[in-house]
Amino acid sequence: MNAVSEPILSIQNLNKTFADGFQALKNINLEIQKGEIIALLGPNGAGKTTLISTICGIVQATSGKVTVAGYDITRDYRKTRSIIGLVPQELTTESFETVWNTLVFSRGLFGKKANSAHIEKVLKALSLWDKKDNMLMTLSGGMKRRVLIAKALSHEPAVLFLDEPTAGVDVSLRKDMWKIVQELKGDGVTIILTTHYIEEAEEIADRVGVINAGEIILVEDKTELMSKLGKKQVSLDLCDPLATIPQSLAGYSLELSENKDQLTYTFDSSGDRTGITSLLDDLKAADIYFRDLNTTQSSLEDIFVNLVEESS
Amino acid sequence: MNFYAVMAIYKFEMARTRRTLVQSIVAPVISTSLYFIVFGAAIGSRITEVGGVSYGAFIVPGLIMLNLLMHSISNASFGIYFPKFIGTVYEVLSAPVSTVEVVLGYVGAAATKSIILGLIILATATLFIPLRIEHPLIMLLFIFLTSITFSLLGFILGIWADNFEKLSVVPSLIITPLVFLGGSFYSTDMLPPFWQSVTLFNPVLYLVSGLRWSFYEISEVNVLVSLVCITGFMLLCFSVVLYMFRTGYKLRT
Ligand SMILES: Nc1ncnc2c1ncn2[C@@H]1O[C@H](COP(=O)(O)OP(=O)(O)OP(=O)(O)O)[C@@H](O)[C@H]1O
Ligand SMILES: [Mg+2]
């Protein structure tokens, strides 16, 4: 990590125990650099929303310290909250307010001078411009989700929290949102998002954090994570079906498919020796020929499932 | 001071009133007219004068108080309860606003509505009976202080309430009886001595008495006592609100 630049968000030993005694956050430590996109993954009830709500001032921390751009979230709450934009997980909107007015409200609430040009820009970016005079209750769920994003962007935050921004959003809109997130990143906005769609994290995040049962069990650069934990597999389509795997290949823990015409070899792509060359040599020596070969890499999803299973 | 935030909340709340104009303004005007017809005409034909003023005129300050109290409480409580109920309160809780700013926005809007309403009731009253106001500025001061104080109380109620029943129980089960038993529609001299003493524990008595003094210079208790009471109660309510926000009471988990 770059030692010169101070992190835009720093979380130290953060704990949250709710009034009913349930500990939702357990000694969370996390630093996020300016301009990063970090995806938080974790099963339902892991504590993602609680973490975000604590940073935004909705939930009170039990102990620990959080700073945003160097400011403490309780002592300098005015500074930190004016920097932060929040898109909540729940679709909560007024009913009788118009789209335009709700954005004007949000901007004012966050202490920014009225700026119609900016609000127009945000509405257009989110394809809501033609709905600007609609009452919120007349919008579809996906449109309401976009209104919530527009509200958060209306006050030009430097740090944006997106709590499951694409839940219940159709594929094309999800792609639009990914584009918007990339554009915001281009503008220097730091983005922390939670998601249950692993491909979303894979697609847009720079780093991935995994939370389970209130603990951060891993934070890693996305590509490093995938190469480190990623298993690769080579599948070989055999010319002639094989009755059994010959003794000479026993060391490779190969798998033979049900109809006996495909061999699968799993290896660690980050290891020094993958064993592929010797496998191919040994196959030739055993007179096994194949007509096709393809490799597959495990996705973040597989990694994630493995991690959560291991930790619980 | 986050002035933009205060204005945003204030305007939002005022816009809500415009959408419910009938409920906020027309309904109270109609009910006030009914009071005049029933109390003023029917009862007033038997009780001709109280403390030297006609019965119809005597009840005007009480009617104004009744409306100020009920509407300050219901407006302010609903203003904060509803966002809590539907979840939009997250935005206010995550905004760079202090308690004072939130209160200025919500309570300021609720009090503004009550003040306007009080003046409309007053105007309605003049349609039924000739009125004189000896101390208009003191009258305005009472309307002002009462609206703010009971909007603060409504705000507290809205934060405290976690269902609609609690929200309506305070106005109907506490405020209405206090108003009716607080000398709004009669002079406490008309009561037996025991009940006169009991009435002195009713805070509404001090409000009605003070407001009535500003009209006709007749009062149950000294007008300064009334002013001190309402100011003290206002400060008490404000301290409670500050405490609620500082501890996150029912707002922040
Ligand atoms: N106010 C509360 N009081 C008590 N427990 C709570 C409260 N809010 C949340 N919790 C608990 O804290 C845990 C974490 O909840 P949280 O909403 O942070 O999960 P999440 O990771 O966002 O889950 P999801 O993916 O379903 O959104 C859950 O077990 C939840 O029941
Ligand atoms: Mg959540």
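Because only heavy atoms are used, hydrogens play no part in the values below, and waters and symmetry mates are left out as well, while side chains stay in. Throughout, a chain's letter reflects where its sequence line sits, starting with A, and its residues are numbered from 1.
- Heavy atoms of A:F18 lying under 4.5 Å from chain B belong exclusively to its side chain.
- Residue-environment remark: NZ (A:K79) stays at or below the threshold of 12 foreign heavy atoms within 6.0 Å.
- Using a 4.5 Å cut-off between heavy atoms, B:R19 contacts chain A through its side chain alone, with no backbone atom that close.
- For NZ of A:K121, the number of neighbouring non-hydrogen atoms (other residues, nucleotides, ligands) closer than 6.0 Å is 12 at most.
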Decide yes or no on side chain to side chain contact (heavy atoms under 4.5 Å, CB included) for A:E90 and B:Y90, but give the supporting numbers first. CA-CA 10 Å; A:E90 303 291 334; B:Y90 83 87; over 6 Å; no
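- More than 12 heavy atoms of other residues, nucleotides or ligands sit less than 6.0 Å from atom NZ of A:K144.
- Per-residue counts of heavy-atom pairs under 4.5 Å with chain A were compared for B:A15, B:S98, B:G87, B:S94; the largest is that of B:S94.
- Of the listed residues B:A8, B:P83, B:G105, the one with more heavy-atom pairs under 4.5 angstrom with chain A than any other is B:A8.
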Start with the C-alpha gap between A:E94 and B:R16, add the side-chain angles, then the distance that decides, and say whether salt bridge (charged side-chain N to carboxylate O under 4.0 Å, His left out) holds. CA-CA 11 Å; A:E94 295 291 330; B:R16 198 165 59 77; over 6 Å; no
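- Contact of the A:K112 side chain with the B:Y4 side chain is not registered, since no non-hydrogen atoms from C-beta on lie closer than 4.5 Å.
- To the nearest 0.5 Å, atoms CD (B:E91) and CD1 (A:I58) are separated by 9.5 Å.
- Inter-residue side-chain proximity for A:F110 and B:V97 is flagged as unmet; no heavy-atom pair is nearer than 4.5 Å.
- With a threshold of 4.5 angstrom between heavy atoms, A:S82 approaches chain B through its backbone and through its side chain.
- Residue B:F180 qualifies as enclosed at atom CZ: its count of foreign heavy atoms under 6.0 Å is above 12.
- Enclosure of atom OH in B:Y249 by more than 12 non-hydrogen atoms of other residues, nucleotides or ligands within 6.0 angstrom is indicated.
- Counting heavy atoms of neighbouring residues, nucleotides and ligands inside a 6.0 Å radius, atom OH of A:Y71 does not exceed 12 of them.
- Shown here is B:F164, whose CZ atom has more than 12 heavy atoms of other residues, nucleotides or ligands within 6.0 Å.
- Side-chain atoms of A:T92 and B:I86, non-hydrogen and from C-beta on, never get closer than 4.5 Å to each other.
- In terms of heavy-atom pairs under 4.5 Å with chain B, the best-connected choice from A:P88, A:S53, A:A152, A:A114 is A:P88.
- The distance from atom OG1 of B:T88 to atom CD of A:E97, rounded to the nearest 0.5 Å, is 10.0 Å.
- Contacts of A:S95 with chain B are absent, with no heavy-atom separation under 4.5 Å from either backbone or side chain.
- For B:V89, no part lies under 4.5 angstrom from a heavy atom of chain A.
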